[in-house]
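Just so it is clear, the model here is predicted, and its values are computed rather than measured. Computation of the quantities below employed the complete heavy-atom set of this structure, encompassing side-chain atoms and omitting hydrogens, waters and symmetry-equivalent molecules.
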Amino acid sequence: LALTLAHAAESPLCLGPVSSARALTALSGGHGCGRVHACTAPRYLLLDAASYGEGAAEGLKYVCMPPLRAPRDGRLLWDALARGLLDHVVSAHDEVSYARKWATGRESVFACPQGMPGVETRLPLLFSEGVRKSRLTLPRFVDVACTTPARLLGLGGRKGRLDAGFDADVVVLDPACRRELSARELHQGDYTPYEGLEVQGWPRHVWARGRRMVTDGAWSGPEQGGTGAASLTGVPRLFCFGGALGRVRLAGYKNASHPCCGARLTAVPPQATGGTAPAGRAGRPETGPCGPVFLPVRPGAPHSHGGALR
(Lines give C-alpha, C1' and ligand atoms only; values in the text may rest on other atoms or scores of the structure.)
Protein backbone atom coordinates (compact mmCIF):
# COMPACT_ATOMS: atom_id res chain seq x y z
CA LEU A 1 0.00 0.00 0.00
CA ALA A 2 2.78 2.44 0.89
CA LEU A 3 4.53 1.75 -2.42
CA THR A 4 1.28 2.28 -4.33
CA LEU A 5 0.59 5.57 -2.56
CA ALA A 6 4.15 6.78 -3.09
CA HIS A 7 3.94 5.97 -6.80
CA ALA A 8 0.59 7.74 -7.14
CA ALA A 9 1.90 10.80 -5.29
CA GLU A 10 5.24 10.75 -7.12
CA SER A 11 6.88 10.76 -3.72
CA PRO A 12 10.17 9.29 -2.53
CA LEU A 13 9.65 6.65 0.10
CA CYS A 14 11.74 5.13 2.87
CA LEU A 15 10.43 1.88 4.33
CA GLY A 16 11.60 -0.07 7.29
CA PRO A 17 12.65 -1.98 9.06
CA VAL A 18 11.79 -4.64 6.49
CA SER A 19 11.45 -8.06 8.11
CA SER A 20 9.97 -10.55 5.64
CA ALA A 21 10.38 -12.16 2.24
CA ARG A 22 6.87 -11.01 1.36
CA ALA A 23 7.87 -7.38 1.91
CA LEU A 24 10.96 -7.90 -0.25
CA THR A 25 8.78 -9.17 -3.10
CA ALA A 26 6.62 -6.06 -2.93
CA LEU A 27 9.67 -3.83 -2.60
CA SER A 28 11.36 -5.29 -5.68
CA GLY A 29 8.52 -3.97 -7.84
CA GLY A 30 9.19 -0.33 -6.98
CA HIS A 31 12.89 -0.26 -6.23
CA GLY A 32 14.05 0.31 -9.80
CA CYS A 33 12.73 3.87 -9.95
CA GLY A 34 15.47 5.05 -7.59
CA ARG A 35 13.02 6.85 -5.32
CA VAL A 36 12.34 3.96 -2.93
CA HIS A 37 14.70 3.23 -0.05
CA ALA A 38 14.39 0.45 2.49
CA CYS A 39 16.24 -0.70 5.58
CA THR A 40 16.31 -3.63 7.90
CA ALA A 41 17.70 -4.20 11.41
CA PRO A 42 20.08 -6.80 12.87
CA ARG A 43 17.30 -8.55 14.77
CA TYR A 44 15.59 -9.51 11.49
CA LEU A 45 18.87 -10.70 10.01
CA LEU A 46 19.92 -12.82 13.00
CA LEU A 47 16.90 -13.77 15.12
CA ASP A 48 13.77 -15.68 14.20
CA ALA A 49 10.35 -16.60 15.54
CA ALA A 50 11.74 -19.64 17.39
CA SER A 51 12.72 -17.17 20.12
CA TYR A 52 9.06 -16.84 21.05
CA GLY A 53 8.98 -20.53 21.95
CA GLU A 54 11.43 -20.12 24.84
CA GLY A 55 8.58 -19.58 27.30
CA ALA A 56 6.97 -16.39 28.55
CA ALA A 57 9.89 -15.38 30.75
CA GLU A 58 12.27 -15.35 27.76
CA GLY A 59 9.86 -14.89 24.86
CA LEU A 60 8.72 -11.45 26.03
CA LYS A 61 12.22 -10.14 25.41
CA TYR A 62 11.66 -10.56 21.68
CA VAL A 63 8.31 -8.80 21.38
CA CYS A 64 8.79 -6.16 18.69
CA MET A 65 7.11 -4.67 15.63
CA PRO A 66 7.36 -6.05 13.03
CA PRO A 67 7.65 -9.42 14.78
CA LEU A 68 10.50 -11.84 14.20
CA ARG A 69 10.01 -14.10 11.19
CA ALA A 70 11.14 -17.52 9.94
CA PRO A 71 14.83 -18.37 9.37
CA ARG A 72 14.24 -18.25 5.60
CA ASP A 73 13.25 -14.59 5.83
CA GLY A 74 16.54 -13.76 7.50
CA ARG A 75 18.53 -15.46 4.77
CA LEU A 76 16.65 -13.55 2.08
CA LEU A 77 17.16 -10.27 3.93
CA TRP A 78 20.93 -10.83 3.91
CA ASP A 79 20.79 -11.45 0.18
CA ALA A 80 18.68 -8.33 -0.42
CA LEU A 81 21.11 -6.27 1.64
CA ALA A 82 24.11 -7.56 -0.32
CA ARG A 83 22.59 -6.84 -3.73
CA GLY A 84 21.12 -3.44 -2.90
CA LEU A 85 17.40 -4.07 -2.62
CA LEU A 86 17.82 -3.07 1.02
CA ASP A 87 20.17 -0.12 1.18
CA HIS A 88 20.89 0.50 4.87
CA VAL A 89 20.69 -1.04 8.34
CA VAL A 90 19.25 0.68 11.41
CA SER A 91 19.52 -0.38 15.03
CA ALA A 92 15.73 -0.18 15.59
CA HIS A 93 16.77 0.51 19.18
CA ASP A 94 14.08 0.87 21.80
CA GLU A 95 15.03 1.30 25.42
CA VAL A 96 12.28 -0.94 26.80
CA SER A 97 13.60 -2.75 29.83
CA TYR A 98 12.98 -6.43 30.41
CA ALA A 99 11.66 -5.54 33.87
CA ARG A 100 8.96 -3.44 32.24
CA LYS A 101 8.19 -6.06 29.61
CA TRP A 102 7.71 -8.72 32.31
CA ALA A 103 5.71 -6.48 34.63
CA THR A 104 3.21 -5.50 31.94
CA GLY A 105 3.24 -8.53 29.64
CA ARG A 106 3.40 -11.60 31.87
CA GLU A 107 -0.40 -11.89 32.03
CA SER A 108 -0.97 -11.07 28.37
CA VAL A 109 1.57 -10.75 25.59
CA PHE A 110 -0.68 -8.13 23.99
CA ALA A 111 0.08 -5.79 26.89
CA CYS A 112 3.84 -6.19 26.52
CA PRO A 113 5.70 -3.09 25.28
CA GLN A 114 7.27 -3.63 21.88
CA GLY A 115 10.91 -3.11 21.06
CA MET A 116 14.43 -4.30 21.82
CA PRO A 117 17.75 -2.66 22.64
CA GLY A 118 20.28 -2.67 19.83
CA VAL A 119 22.10 0.61 19.31
CA GLU A 120 25.40 -0.60 20.82
CA THR A 121 25.50 -3.90 18.95
CA ARG A 122 24.53 -2.81 15.42
CA LEU A 123 28.07 -2.31 14.09
CA PRO A 124 29.71 -5.40 15.67
CA LEU A 125 26.85 -7.65 14.60
CA LEU A 126 26.93 -6.38 11.02
CA PHE A 127 30.68 -6.84 10.76
CA SER A 128 30.88 -10.20 12.54
CA GLU A 129 27.84 -11.83 10.93
CA GLY A 130 28.04 -9.96 7.64
CA VAL A 131 31.67 -9.37 6.64
CA ARG A 132 33.30 -12.20 8.61
CA LYS A 133 30.80 -14.73 7.25
CA SER A 134 31.03 -13.43 3.66
CA ARG A 135 27.46 -12.18 3.54
CA LEU A 136 28.66 -8.61 2.90
CA THR A 137 31.83 -7.23 1.38
CA LEU A 138 33.74 -4.71 3.47
CA PRO A 139 32.79 -1.78 1.16
CA ARG A 140 29.15 -2.85 1.29
CA PHE A 141 29.31 -2.98 5.09
CA VAL A 142 30.53 0.64 5.18
CA ASP A 143 27.83 1.66 2.72
CA VAL A 144 24.86 0.17 4.59
CA ALA A 145 26.14 1.16 8.03
CA CYS A 146 27.51 4.65 7.34
CA THR A 147 27.40 6.14 3.85
CA THR A 148 23.78 5.57 2.86
CA PRO A 149 22.27 6.51 6.26
CA ALA A 150 24.22 9.79 6.15
CA ARG A 151 23.00 10.51 2.63
CA LEU A 152 19.36 9.76 3.40
CA LEU A 153 19.54 12.05 6.43
CA GLY A 154 20.81 14.85 4.23
CA LEU A 155 24.34 14.65 5.64
CA GLY A 156 25.98 13.09 2.60
CA GLY A 157 28.08 16.17 1.90
CA ARG A 158 29.84 16.08 5.26
CA LYS A 159 29.46 12.65 6.84
CA GLY A 160 29.51 8.98 5.89
CA ARG A 161 32.87 8.94 4.09
CA LEU A 162 36.56 9.37 4.86
CA ASP A 163 37.32 12.23 2.50
CA ALA A 164 38.76 15.74 2.44
CA GLY A 165 36.31 18.28 3.80
CA PHE A 166 34.16 15.71 5.59
CA ASP A 167 33.68 15.68 9.36
CA ALA A 168 36.35 13.52 11.00
CA ASP A 169 33.85 11.05 12.47
CA VAL A 170 35.89 7.86 12.57
CA VAL A 171 35.41 4.44 14.13
CA VAL A 172 38.42 2.12 14.19
CA LEU A 173 37.13 -1.42 14.45
CA ASP A 174 39.46 -4.19 15.61
CA PRO A 175 38.63 -7.17 13.33
CA ALA A 176 40.39 -9.64 15.61
CA CYS A 177 38.67 -8.66 18.87
CA ARG A 178 36.25 -11.31 20.12
CA ARG A 179 33.46 -10.49 22.55
CA GLU A 180 30.63 -12.48 24.04
CA LEU A 181 27.61 -10.21 24.12
CA SER A 182 26.17 -9.79 27.58
CA ALA A 183 23.86 -7.23 29.16
CA ARG A 184 26.40 -6.91 31.99
CA GLU A 185 29.02 -5.54 29.59
CA LEU A 186 26.76 -3.33 27.47
CA HIS A 187 25.26 0.07 28.20
CA GLN A 188 21.82 -0.16 26.61
CA GLY A 189 19.46 -1.62 29.21
CA ASP A 190 18.97 -4.64 31.44
CA TYR A 191 19.08 -7.25 28.66
CA THR A 192 20.25 -7.91 25.13
CA PRO A 193 18.45 -10.25 22.70
CA TYR A 194 21.89 -11.51 21.66
CA GLU A 195 22.97 -12.72 25.10
CA GLY A 196 25.81 -15.24 24.78
CA LEU A 197 26.46 -14.64 21.09
CA GLU A 198 30.17 -14.28 20.29
CA VAL A 199 31.09 -11.60 17.79
CA GLN A 200 34.44 -10.94 16.16
CA GLY A 201 35.12 -7.30 15.41
CA TRP A 202 34.60 -4.52 17.97
CA PRO A 203 35.02 -0.73 17.92
CA ARG A 204 38.33 0.19 19.55
CA HIS A 205 38.81 3.91 18.91
CA VAL A 206 36.26 6.61 18.07
CA TRP A 207 36.70 10.20 16.91
CA ALA A 208 33.82 12.67 16.59
CA ARG A 209 34.64 15.73 14.48
CA GLY A 210 38.31 15.05 15.02
CA ARG A 211 38.07 14.76 18.80
CA ARG A 212 38.98 11.40 20.31
CA MET A 213 36.01 10.10 22.28
CA VAL A 214 36.92 6.44 22.86
CA THR A 215 40.44 5.05 23.30
CA ASP A 216 41.06 1.30 23.51
CA GLY A 217 37.38 0.76 24.24
CA ALA A 218 37.21 3.25 27.12
CA TRP A 219 35.53 6.64 27.09
CA SER A 220 38.11 9.43 26.72
CA GLY A 221 35.90 12.31 25.64
CA PRO A 222 34.56 15.22 27.69
CA GLU A 223 32.48 14.55 30.78
CA GLN A 224 29.48 16.05 29.06
CA GLY A 225 28.26 13.98 26.15
CA GLY A 226 27.63 14.95 22.56
CA THR A 227 25.58 17.81 21.26
CA GLY A 228 22.47 15.72 20.60
CA ALA A 229 20.02 17.26 18.16
CA ALA A 230 22.18 20.38 17.92
CA SER A 231 24.74 18.34 16.00
CA LEU A 232 22.39 18.73 13.01
CA THR A 233 22.35 22.52 13.26
CA GLY A 234 22.06 24.17 9.86
CA VAL A 235 21.74 20.96 7.89
CA PRO A 236 19.06 21.78 5.30
CA ARG A 237 17.58 18.31 4.97
CA LEU A 238 14.72 16.19 6.22
CA PHE A 239 14.38 12.45 6.37
CA CYS A 240 11.14 10.96 5.07
CA PHE A 241 10.35 7.79 7.02
CA GLY A 242 7.43 5.70 5.83
CA GLY A 243 6.74 8.12 2.99
CA ALA A 244 5.06 10.84 5.01
CA LEU A 245 6.54 11.80 8.35
CA GLY A 246 10.07 12.93 9.07
CA ARG A 247 11.00 13.01 12.76
CA VAL A 248 14.51 14.45 12.66
CA ARG A 249 14.75 17.58 14.75
CA LEU A 250 16.91 20.19 13.03
CA ALA A 251 18.02 23.03 15.26
CA GLY A 252 18.37 26.16 13.16
CA TYR A 253 16.33 24.57 10.33
CA LYS A 254 15.89 26.79 7.31
CA ASN A 255 14.78 26.12 3.73
CA ALA A 256 15.02 22.35 4.07
CA SER A 257 14.98 20.13 1.01
CA HIS A 258 13.93 16.54 0.65
CA PRO A 259 16.97 14.19 0.68
CA CYS A 260 15.73 12.20 -2.31
CA CYS A 261 13.93 14.56 -4.69
CA GLY A 262 15.49 17.86 -3.59
CA ALA A 263 12.14 19.63 -3.23
CA ARG A 264 12.33 22.59 -0.86
CA LEU A 265 10.27 22.59 2.30
CA THR A 266 8.72 25.46 4.18
CA ALA A 267 7.94 24.28 7.68
CA VAL A 268 4.90 25.26 9.69
CA PRO A 269 5.20 24.01 13.29
CA PRO A 270 2.45 22.01 14.97
CA GLN A 271 0.80 23.92 17.77
CA ALA A 272 1.91 23.12 21.30
CA THR A 273 -1.61 21.84 21.94
CA GLY A 274 -1.40 19.45 19.00
CA GLY A 275 -3.61 21.49 16.70
CA THR A 276 -2.85 22.25 13.07
CA ALA A 277 -0.94 25.43 12.35
CA PRO A 278 -2.82 28.02 10.22
CA ALA A 279 -2.11 27.84 6.51
CA GLY A 280 0.75 30.04 5.40
CA ARG A 281 2.26 30.43 8.84
CA ALA A 282 5.81 29.37 8.16
CA GLY A 283 8.50 29.21 10.79
CA ARG A 284 11.04 27.13 12.66
CA PRO A 285 10.06 23.57 13.59
CA GLU A 286 8.81 23.15 17.12
CA THR A 287 8.26 19.97 19.08
CA GLY A 288 4.59 19.07 19.30
CA PRO A 289 2.85 15.91 20.52
CA CYS A 290 3.44 14.23 17.18
CA GLY A 291 7.06 15.27 16.64
CA PRO A 292 9.02 18.26 15.47
CA VAL A 293 8.88 18.17 11.64
CA PHE A 294 6.35 16.66 9.28
CA LEU A 295 6.90 16.12 5.59
CA PRO A 296 4.10 16.06 2.98
CA VAL A 297 4.10 13.42 0.30
CA ARG A 298 4.68 15.55 -2.81
CA PRO A 299 5.67 19.09 -3.83
CA GLY A 300 2.88 21.58 -3.35
CA ALA A 301 0.68 19.19 -1.40
CA PRO A 302 -0.96 20.52 1.78
CA HIS A 303 -0.30 18.62 4.97
CA SER A 304 -2.41 18.12 8.07
CA HIS A 305 0.47 19.31 10.24
CA GLY A 306 1.06 22.46 8.25
CA GLY A 307 4.03 21.70 6.00
CA ALA A 308 4.13 22.47 2.31
CA LEU A 309 6.74 21.48 -0.25
CA ARG A 310 7.58 23.92 -2.99
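For the atom pair L155 CG and R161 CZ, the distance stands at 13.0 Å (nearest 0.5 Å). Note that the CG atom of L68 and the OG atom of S20 stand 12.0 Å from one another [nearest 0.5 Å]. Atom CG of L46 and atom CD of E129 lie 5.0 Å apart (nearest 0.5 Å). Taking CG of L45 as the reference point, atom CZ of R135 lies at 8.0 Å (rounded to 0.5 Å). In this structure, the separation between OG on S51 and CG on L60 is 12.5 Å, given to the nearest 0.5 Å. Taking SG from C14 and NE2 from H88, the interatomic distance works out to 4.0 Å, rounded to the nearest 0.5 Å.
Under the salt bridge (charged side-chain N to carboxylate O under 4.0 Å, His left out) criterion, E58 pairs with K61, not counting sequence neighbours. Remark: F127 engages F141 in a ring pair (Phe, Tyr, Trp, His ring centres under 6.0 Å) (not counting sequence neighbours). Listed by chain and number, the residues in a salt bridge (charged side-chain N to carboxylate O under 4.0 Å, His left out) with R179 amount to none (sequence neighbours excluded). Judged as a salt bridge (charged side-chain N to carboxylate O under 4.0 Å, His left out), and not counting sequence neighbours, the contacts of R178 are E198. Residues that satisfy the side-chain hydrogen bond (donor to acceptor under 3.5 Å, both in side chains) test with T148, not counting sequence neighbours, are D143.
Across every non-hydrogen atom of V18 and A23, the tightest pair is CG1-CB, 3.8 Å. Between P17 and P66 the shortest heavy-atom distance is O-CG, 3.7 Å. Between R83 and D79, the shortest heavy-atom contact is NE-OD2, 2.8 Å. When all heavy atoms are compared, the tightest approach of T215 to S220 is OG1-OG, 2.9 Å. Residues C177 and W202 share a closest heavy-atom pair of SG-CB, 3.8 Å.
L173 and V199 fall within the same hydrophobic cluster, where Ile, Leu, Val, Met, Phe, Trp and Tyr residues are linked whenever their side-chain heavy atoms come under 4.5 Å apart, directly or through other members. Linking ILVMFWY side-chain heavy atoms closer than 4.5 Å, directly or via other members, places V96 and Y52 in two distinct hydrophobic clusters. In the hydrophobic cluster analysis, where Ile, Leu, Val, Met, Phe, Trp and Tyr join through side-chain heavy atoms closer than 4.5 angstrom, V90 is grouped apart from L77. Connection of Y62 to M65 is not established within any shared hydrophobic cluster, with ILVMFWY side chains joined at heavy-atom distances below 4.5 Å, either directly or through further cluster members. Under the 4.5 Å side-chain contact rule for hydrophobic residues, L76 and L81 share a cluster.
With respect to Y44, the side chain to side chain contact (heavy atoms under 4.5 Å, CB included) criterion is satisfied by exactly one of C39, C64, P67: C64. Among L125, L123, V119, the single residue meeting the side chain to side chain contact (heavy atoms under 4.5 Å, CB included) criterion with T121 is L125. Between W207 and the options D167, V170, D169, a side chain to side chain contact (heavy atoms under 4.5 Å, CB included) holds for only V170.
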Between V214 and H205, does a side-chain contact (heavy atoms from CB on, under 4.5 Å) hold up when you go through it step by step?
CA-CA 5 Å; V214 175; H205 308 299; 5.9 Å; no
Hey, mind stepping through R204 and D216 against salt bridge (Lys or Arg N to Asp or Glu O under 4.0 Å) and telling me if it holds?
CA-CA 5 Å; R204 185 171 181 179; D216 288 325; 2.9 Å; yes
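The side-chain hydrogen bond (donor to acceptor under 3.5 Å, both in side chains) analysis of residues 96-115, with sequence neighbours excluded, yields no pairs.
In terms of modelled atom types and a separation under 3.5 Å, the side chain of R43 and the main chain of A92 share a donor-acceptor contact. At least one donor-acceptor pair closer than 3.5 Å links the side chain of T147 to the backbone N or O of G160. Listed for the D73 side chain is a donor-acceptor partner under 3.5 Å among the backbone atoms of A70. In this structure, Q188 contributes its side chain and E120 its backbone to a donor-acceptor pair below 3.5 Å.
Between S182 and E195 the shortest side-chain heavy-atom distance falls below 4.5 Å. By the 4.5 Å heavy-atom criterion applied to side chains, K159 and R209 are counted as neighbours. Contact check for P193 versus P117: side-chain heavy atoms found under the 4.5 Å cut-off. Inter-residue side-chain proximity for P42 and V89 is flagged as met; some heavy-atom pair is nearer than 4.5 Å. Between L27 and L86 the shortest side-chain heavy-atom distance falls below 4.5 Å.
Applying the 6.0 Å contact sphere to CZ of R184 captures no more than 12 heavy atoms from other residues, nucleotides or ligands. Within 6.0 Å of CZ on R212 lie more than 12 heavy atoms contributed by other residues, nucleotides or ligands.
In this structure, D48 does not pair ionically with R69, as no charged nitrogen and carboxylate oxygen lie closer than 4.0 Å.
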